[in-house]
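When a ligand or atom number is given, it counts from 1 through the structure's own listing order. Position 1 is the first residue of the sequence, and the numbers go up from there.
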Amino acid sequence: MEYWPAESIWEQVSPLLAGFTVEVLPEIDSTNAELMRRARAGQTEPTLLVAERQTAGRGRLGRPWQSAVGDSLTFSLGLPFSPRDWSGLSLAVGLAVAESLHPDIGLKWPNDLWWQDRKLAGILIEAATTGGHSQVVIGIGINIRPRPAEGLSTAPAALSELWPEATAGQALLRLMPALVRVVQDFERSGFAPLQPRFEARDVLRGREVGTSDGQQGQALGVSATGALRLLKAGGECLIDSSEVSVRPRP
Ligand code: BTN
């Protein structure tokens with residue numbers, strides 16, 4: 001079993017988040033699925049759930065999320081959460097993770113962390129409402145050590161390429177306080193105050209992109225609500241659906 005600085009994480013986060021607990025499991029189907037099950041069963045205390053191995057990791061758009069034991073960090077944070085507007089939350093989460101880990105990590109709208117045009121990490125946000133209270137489950141998968149492309153067109157990036165001594169535990173310790181602070185800022189004030197910080201790391205801005213629903217144009221950045229601004233032949237449009245994926249065009 002890998003070393004997890006669970007106590008240090010708890011010491012840093014519990015002053016920010018009352019009732020916070022940390023749990024590390026050797027194996028589970030999916031940390032997101034587990035925290036969603038708990039939320040639906042009324043267990044809503046703020047929880048960080050880390051899995052050394054996921055047997056059915058979930059990605060966005062119904063895709064699977066595969067990760068090799070020891071080579072990646074897979075975890076979810078579940079907590080009660082009632083923002084006025086949820087739009088832009090995945091961008092805020094990506095921002096906290098990128099800023100806490102390395103100055104050179106970029107953000108690819110809406111949910112990915114990129115380095116040198118390769119995916120370094122992904123984010124899956126789910127929400128549950130029980131008894132009139134809403135709960136958010138923020139799932140994050142980060143490649144820590146390089147792994148083969150395995151059918152992907154480009155090999156994913158790994159945190160150890162930017163931070164050679166990186167371990168999953170150290171990465172988690174660095175990012176957790178920043179993540180909790182951003183989530184709390186977002187709950188109070190939404191995405192707008194975070195937009196300039198996102199813009200500084202936006203890897204799509206100024207590039208020609210294509211969307212999975214067939215749109216093409218130049219990415220102009222993100223709006224104050226976290227929508228992608230796309231300049232098409234007919235003018236600028238906003239894309240705010242998280243059901244869409246975007247890629248830079250070669
Ligand atoms: C994506 O890029 O499609 C999102 C990937 C999210 C993966 C993480 S790993 C921890 C958490 N549990 C899951 O089943 N998925 C998220």
Please report the closest heavy-atom contact between Leu89 and Val136, naming both atoms and the distance.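 Reported closest heavy-atom pair: CD2-CG2, 4.0 Å.
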
Taking all atoms of both residues into account, what is the closest heavy-atom pair of Ala171 and Leu73, and its distance?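 Scanning both residues, the minimum pair turns out to be CB-CD2, 4.2 Å.
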
Would a line drawn from the ring center of Trp109 to the ring center of Phe198 be shorter than 6.0 Å?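 Here the rings of Phe198 and Trp109 have centres that are no less than 6.0 Å from each other.
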
Do side-chain atoms of Gln184 reach the backbone of Leu16 as a donor and acceptor pair under 3.5 angstrom?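 Such a contact is found between Gln184 side chain and Leu16 backbone.
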
Protein residues near ligand 1, heavy-atom distance below 4.0 Å?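 The answer is Ser30, Thr31, Asn32, Gln54, Gly57, Arg58, Gly59, Arg60, Trp65, Thr74, Phe75, Ser76, Asp112, Lys119, Gly122, Ile123, Leu124, Gly139, Ile140, Gly141, counting any residue whose heavy atom sits under 4.0 Å from ligand 1.
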
CZ-CD1 distance between Phe75 and Ile9, expressed to the nearest 0.5 angstrom: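 That separation rounds to 9.0 Å.
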
Taking atom NZ of Lys108 and atom CH2 of Trp114, what is their separation to the nearest 0.5 Å?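 Reported value, rounded in 0.5 Å steps: 5.0 Å.
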
